[in-house]
There are 2 protein chains.
Amino acid sequence: MSEIQRPGALYQQVAAAIREAILSGEFAPGSLLPSEAQLMTRYGVSRPTVRNAIAALRAEGLIDVRHGKGSFVRSSGQPTLTLERRITRTSGDTFAMPNGDLWKEAEEPSTYRARTTKTTGRLLHLDEEEALFGCDRLLTDPRTGTRAMHRTLIPFEVADAVRGLAENPGTHPAAIYQLLSQDGQHLSWTETVRARMPLPDERTTLQLPDATPILHLTRVTHGSDDRALILEELRIGADRAEATYRITIDEQPARRTRA
Amino acid sequence: MSEIQRPGALYQQVAAAIREAILSGEFAPGSLLPSEAQLMTRYGVSRPTVRNAIAALRAEGLIDVRHGKGSFVRSSGQPTLTLERRITRTSGDTFAMPNGDLWKEAEEPSTYRARTTKTTGRLLHLDEEEALFGCDRLLTDPRTGTRAMHRTLIPFEVADAVRGLAENPGTHPAAIYQLLSQDGQHLSWTETVRARMPLPDERTTLQLPDATPILHLTRVTHGSDDRALILEELRIGADRAEATYRITIDEQPARRTRA
DNA sequence: AGTCGTAACTCATAAGGACAAGTGACGTCA
DNA sequence: TGACGTCACTTGTCCTTATGAGTTACGACT
């Protein structure tokens with residue numbers, strides 16, 4: 001039984017003791033923690049208290065618990081996948097993304113029709129209830145098994161104006177850029193990064209461990225007049241992926257950003 | 001007592017029922033959920049089961065629980081703060097960040113000396129154990145109360161080479177850019193976005209609610225020869241902030257990225 | 001009228017017991 | 001030797017009971 005006293009609740013003291021042992025390296029990443037029974041005798045507390053402490057460490061993402069085996073220190077390794085958020089024009093109107101060839105589609109893309117919501121409308125400067133094409137993809141990195149959810153939203157108005165787009169709203173993003181470019185649009189993009197805890201369905205389809213947030217990237221494609229044309233979303237587990245951007249000096253005195 | 005049966009564990013069924021009620025709008029954001037006692041009779045389960053279900057919803061970030069008052073549906077509102085990650089040259093060698101004037105320093109910046117770790121070394125292309133200046137700032141947006149943790153790391157080698165830097169390693173980032181630029185460096189930046197659950201001390205200093213990840217932005221300042229000069233880190237609660245980047249077409253056939 | 005104590009609500013913490021279910025090793029049996 | 005059953009270990013789930021602590025409102029007392 002070791003000496004714990006300070007913070008407040010018993011289970012928090014136990015959690016703090018274990019956390020300290022982990023961060024100090026006493027329990028190496030990947031190693032097996034003492035069993036609940038051992039922790040009970042070690043700290044002289046009941047099983048609910050031990051489990052409460054373990055639940056706290058779980059919520060912090062410090063440990064993984066496997067039924068029938070035990071609690072393991074999570075290896076906090078850096079993300080294995082770096083999403084380079086750049087867009088390159090290879091030749092003529094052909095575009096390429098740094099990781100474009102990395103992803104495989106885990107299942108057929110599903111296209112559908114949707115209506116503008118408050119969120120999408122704000123980004124695309126559309127009134128609510130306007131119709132748009134949607135296309136959802138489930139992507140997989142075959143090397144690491146990492147999954148990502150991708151969504152493309154195209155307003156009817158845009159799809160109708162661009163030859164070849166309305167007939168096939170499931171076109172791959174790079175090909176959509178090509179179509180828009182061939183249509184005479186000078187393209188630029190704005191990307192917003194958010195992070196949040198996953199919803200249950202996101203947790204399962206992305207196969208996320210406990211206490212793992214997701215990165216939620218929202219990309220708006222702008223045309224010549226800086227009008228918002230296309231909306232793309234990418235959702236991916238934050239334990240596996242990071243996003244990198246390149247920033248160059250903006251010589252203009254300060255771009256206005258439409259709210 | 002309502003009818004629940006499907007998934008697996010009892011508490012998960014209860015959690016699913018409440019979750020559904022929340023997402024369907026039966027319980028509006030900000031509204032008070034039934035008390036634990038009411039949920040016990042409503043679903044015909046014991047108190048630990050109800051609390052277990054509530055703990056699950058807490059971990060998902062769906063609800064907030066306040067001692068003595070009850071459980072409230074978290075208002076999932078969009079982040080109130082948009083970090084525009086652009087850098088503008090206003091005149092000569094003076095740089096400005098879009099939100100540069102937004103932040104106040106909640107306390108005095110603390111400067112210190114540190115040694116290169118594996119992580120920082122990889123980003124700055126330094127050998128381990130090399131010395132560098134560190135400066136930590138605790139920033140506050142006085143309008144919303146949002147807090148952020150900012151860190152600047154400057155290798156001795158760089159600080160010594162730039163006039164006016166080694167004497168005052170706590171210089172504000174924009175002023176550092178100015179010094180580097182006046183030193184003849186042509187600046188560009190690379191920023192990496194990650195998300196993870198906060199450590200306990202980050203939770204408290206950033207005043208984060210339950211189940212709230214943090215956005216972790218890492219910015220590397222590159223000089224003329226594309227050499228990495230400065231490392232900056234910004235940590236901020238993902239419930240309050242989002243980061244936006246501007247992407248323009250990269251005409252080069254594909255930049256190499258040093259691992 | 002104002003102050004303050006108390007009661008009745010809320011969630012937080014803790015202990016104990018019981019059984020289910022996943023895992024792996026060991027030993028038996030064919 | 002191989003297959004398989006059993007057992008000991010693990011965590012998962014669920015219940016009961018008890019007490020502590022924050023919040024609010026009401027009412028009595030000054």
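All values below come from the heavy atoms of this structure, side chains included, with hydrogens, waters and symmetry mates left out.
For B/E105, the CD atom sits in a packed shell: over 12 heavy atoms of surrounding residues, nucleotides or ligands are nearer than 6.0 Å.
Of the residues in residues 197-212 of chain B, not one comes within less than 4.0 Å of DNA chain D through any heavy atom. Residues from residues 47-68 of chain A that place a heavy atom under 4.0 Å from any atom of DNA chain C, listed by number: A/R47, A/P48, A/T49, A/H67, A/G68.
Rounded to whole Å, the distance from OH on B/Y11 to P on C/dA20 is 18 Å. Atom pair A/Q38:CD and D/dT10:C1' shows a separation of 10 Å (rounding to whole Å applied). Rounding to whole angstrom units, CD of residue B/E36 and P of C/dT13 are separated by 11 Å. One interatomic measurement links the two molecules: CE of B/M40 to P of C/dA12, which rounds to 15 Å at whole-angstrom precision. In this structure, B/L10 atom CG and D/dT13 atom P are separated by 10 Å, rounded to whole Å. The distance between atom CZ of B/F72 and atom P of D/dG22, rounded to the nearest whole Å, is 17 Å. Atom NZ of B/K69 and atom C1' of D/dA21 are 15 Å apart (whole Å).
Nearest approach of A/S71 to A/I54, heavy atoms of both residues: OG-CD1, 4.1 Å.
Residues B/Q12 and A/P200 are not in side-chain contact: their nearest non-hydrogen atoms beyond the backbone lie 4.5 Å or more apart. Put simply, the side chain of A/M149 reaches to within 4.5 Å of the side chain of A/L138, judged on heavy atoms. Under the 4.5 Å side-chain criterion, counting only non-hydrogen atoms from C-beta, B/L126 is in contact with B/L132.
In terms of modelled atom types and a separation under 3.5 Å, the side chain of A/R115 and the main chain of A/E129 share a donor-acceptor contact. With hydrogens and angles ignored, the 3.5 Å screen pairs no side-chain donor or acceptor of A/N52 with any backbone N or O of A/A15.
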Check nucleotides 4-8 of chain D for protein N or O atoms closer than 3.5 Å to its own N or O atoms and list the pairs.
none

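In summary, the side chains of B/E232 and B/T152 do not present any donor paired with an acceptor at a separation below 3.5 Å, with no hydrogens or angles considered.
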Using the rule given for side chain to side chain contact (heavy atoms under 4.5 Å, CB included), can you reason through B/L33 versus B/I63, listing the C-alpha separation, both sets of side-chain angles and the distance that settles it, and then say yes or no? CA-CA 9 Å; B/L33 252 54; B/I63 63 176; 4.2 Å; yes

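Salt bridge annotation for A/R203-A/D210: present, with a cationic side-chain nitrogen under 4.0 angstrom from a carboxylate oxygen.
Between A/S35 and D/dT10 there is a side-chain polar atom (N or O) within less than 4.0 angstrom of OP1 or OP2.
Among the candidates A/E202, A/R235, A/E233, the single residue satisfying the side chain to side chain donor-acceptor pair (under 3.5 Å) test with A/H216 is A/E233.
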